There are 2 protein chains.
Amino acid sequence: MSIHSIPVGPAPFPLAPPSYLCGGVDKVRLVSLATALPLAERDAMEPLSRRVALDQRQSLYGQDEPAVSVFNVTSGALSLYRLLPDGRRQVTGFAFPGDFLGLSMLDRFAVSADALGPVTACRFERLAFMDLLRGQPSLMMHLHEIMGHELSRAKDMMMLLGRRTADERIATFLLGLRERYVRIGRSSVTLELPMGRLDIADHLGLTIETVSRTFARLDRDHCILIVPGGVRLVDHDRLARMSAH
Amino acid sequence: MSIHSIPVGPAPFPLAPPSYLCGGVDKVRLVSLATALPLAERDAMEPLSRRVALDQRQSLYGQDEPAVSVFNVTSGALSLYRLLPDGRRQVTGFAFPGDFLGLSMLDRFAVSADALGPVTACRFERLAFMDLLRGQPSLMMHLHEIMGHELSRAKDMMMLLGRRTADERIATFLLGLRERYVRIGRSSVTLELPMGRLDIADHLGLTIETVSRTFARLDRDHCILIVPGGVRLVDHDRLARMSAH
DNA sequence: CGGAGGATTGATGCTGTTCAAGCGTAGTGG
DNA sequence: CCACTACGCTTGAACAGCATCAATCCTCCG
């Protein structure tokens, strides 16, 4: 059986941005390229930023906390989630290098953000950031566009959670994750899963058991191959058909 | 038994904006107040707008169509939804007077928008609208804020679809709708439901039968009272407890 | 009066949950 | 070096909530 548990320590393939996204140690490019912002706009933002580092399980911010900052992830991955009073959890998404957090810039954070492993990010003071935006309409437009895509993905999630079967959810999740890795230049044969089964379950509206069983079945059917720290997507076409897009 | 079917014709209480939102017939205020935009910003927008009227079931736009326009609803209600190739549908939300549609301003619409009854809206040519925004950072900020709230509601929906029971979904839906009516100045004892059971089901990730049964049970328990065209919220507290917020 | 469309209601079944072990690997301390 | 523990993952059996299938009802309207 090719099923192995996923190590909880630092991921075997740490989610660091590709080296070309960073300058030297003393001239670090804090704002990641992955968001595809023009160089001039990133340069305008960088003076405002402060570096943050988190260990696994540390929280970057909590839901409903006053949103004093906006963040841009530079390495690692985070889970974004909401809790119900009785403990039920919905992971609304995962953040990867290049992603902005708190972009809606409301007074309070809409979700909590926890590090899935070691994470680095840059922090911007929200009000200063908003002042910067007021003077830079094109940057503002870019961020607005990013939010538009986030909203579109949110609608994908609604469809997934409201209308798709467990198999379809898992297939869609895996392909979507691969897609994201490709876009940030981290495509690879093996799809890393920096999040645990529980995070996946809480993201897809399933239980941990259903996620585990579905993974196991896909592995038996040679659709995927479960490896330490992630999965290998073996039969991409079948997954695509399963995801029912 | 207090269950009656809901008429399909023009709603008995048509969703028109309160009269004070409109000027006379010749000096119509096209952009609704409900979005709480400052007067100056609405005045800047109005010259760009053209009036649109839709009958029941007519489509304002379809998913993936090139988004040449942005809209602001002035009267009536619409369902916003996505379809899967096999016909499964997810209603991502409903639009009411004052709501903006297509605000993310991507090249294509993320959802389809169908009129639930007679609808009027104002249409803005998207590129002209974006030009206007570039010159009006504060208007841009306002729209960004509106999108932030939309994103927050999207996350509420994810929690609802992923983690709530049928009862909780229905209760949350009813209270949320009342909340929205209050905010646009249309609060009333009776909660109008301009959408059909199928729309509600497709919104909440349930079947039409489950929606109908849950409504019937809430009615039997004197939590709500089903009336033609909507429901009356009788036991607000119990609903609030049921919604498990 | 009769048809159409939506809503309701009942019987039955399936998908995914719940509950309960058991497994595998990493980390720890004797 | 090898128990021993902890933690996450897997697996199995029984159950439940919601879906599915199939009538039937109600109201509007021609």
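Because the structure is predicted, anything quoted here is derived from the model rather than measured. Lettering follows sequence order; numbering is per chain, from 1.
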**Student:** Any side-chain donor paired with an acceptor under 3.5 Å for A:Arg232 and A:Thr190?
**Tutor:**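 Yes.
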**Student:** Considering heavy-atom distances to DNA chain C, does A:Glu209 or A:Thr165 have its closest nucleotide positioned more toward the 5' end?
**Tutor:**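 Nearer the 5' end of the strand: A:Thr165.
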**Student:** Without decimals, in angstroms, what is the distance between B:Leu198 CG and D:dA19 C1'?
**Tutor:**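 Rounded to whole Å, this separation is 14 Å.
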**Student:** Considering only side-chain heavy atoms of B:Ser212, which listed nucleotide, C:dT8, C:dG5, D:dT10, is closest?
**Tutor:**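 Selected nucleotide (nearest to the side chain): C:dT8.
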**Student:** Quickly work out the A:Gln56 CD to C:dA26 P distance and round it to whole Å.
**Tutor:**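 Interatomic distance, CD of A:Gln56 to P of C:dA26: 14 Å.
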**Student:** Can you see if the side chain of B:Arg213 gets near the phosphate of C:dT9 - specifically, an N or O under 4.0 Å from OP1 or OP2?
**Tutor:**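 Answer is no, no contact under 4.0 Å.
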**Student:** Going by distance alone, is a donor N or O of one side chain under 3.5 Å from an acceptor N or O of the other, for B:Arg123 and B:Ser69?
**Tutor:**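 Indeed, the side chains of B:Arg123 and B:Ser69 share at least one donor-acceptor pair under 3.5 Å.
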**Student:** Closer than 4.0 angstrom, basic N to acidic O: yes or no for B:Arg82 and B:Asp64?
**Tutor:**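 B:Asp64 and B:Arg82: not salt-bridged.
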**Student:** Taking atom types as modelled, find out whether A:Tyr81 and A:Asp114 have a side-chain donor-acceptor pair closer than 3.5 angstrom.
**Tutor:**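 Yes, because at least one side-chain N or O of A:Tyr81 sits under 3.5 Å from a partner of the opposite role on A:Asp114.
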**Student:** Grab the CD1-C1' distance between B:Ile226 and D:dT27 for me, whole Å please.
**Tutor:**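 Going from B:Ile226 (CD1) to D:dT27 (C1'), I get 15 Å.
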**Student:** What's the CD1-C1' distance between B:Ile170 and D:dG17, to the nearest Å?
**Tutor:**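 These atoms are roughly 14 Å apart.
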**Student:** When the distance from CG of A:Leu116 to P of D:dG8 is rounded to whole Å, what number comes out?
**Tutor:**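 Atom-to-atom, A:Leu116 to D:dG8, this comes out as 13 Å.
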**Student:** Please state how far atom CG in A:Asp86 lies from atom P in C:dT18, giving the value in whole angstrom units.
**Tutor:**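 Answer to the nearest Å: 11 Å.
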**Student:** Check whether any side-chain N or O of B:Thr207 sits under 4.0 Å from OP1 or OP2 of D:dC18, and answer yes or no.
**Tutor:**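 The answer is no; no side-chain N or O of B:Thr207 sits under 4.0 Å from OP1 or OP2.
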**Student:** Quick one: which of C:dT17, D:dC9, C:dA7 gets closest to the side chain of A:Leu206?
**Tutor:**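 Of C:dT17, D:dC9, C:dA7, C:dT17 is nearest to the side chain of A:Leu206.
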**Student:** Determine whether A:Phe96 and A:Leu177 satisfy the following criterion, side chain to side chain contact (heavy atoms under 4.5 Å, CB included), listing intermediate values before the conclusion.
**Tutor:** CA-CA 10 Å; A:Phe96 292 105; A:Leu177 197 54; 3.6 Å; yes
**Student:** Separation of B:Ile200 atom CD1 from C:dA7 atom P, in whole Å?
**Tutor:**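 Value for this atom pair: 8 Å.
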**Student:** Within the pair B:Thr210 and D:dA19, is there a side-chain N or O less than 4.0 Å away from OP1 or OP2?
**Tutor:**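 For D:dA19, OP1/OP2 do have a side-chain N/O of B:Thr210 under 4.0 Å.
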**Student:** Once you round it to whole Å, what is the distance between P of D:dT11 and CG of A:Leu218?
**Tutor:**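 Checked: the CG to P distance equals 13 Å.
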**Student:** Do the side-chain N or O atoms of B:Arg164 get closer than 4.0 angstrom to the phosphate oxygens (OP1, OP2) of D:dG17?
**Tutor:**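 For B:Arg164, the contact criterion (side-chain N or O under 4.0 Å from OP1 or OP2 of D:dG17) is not met.
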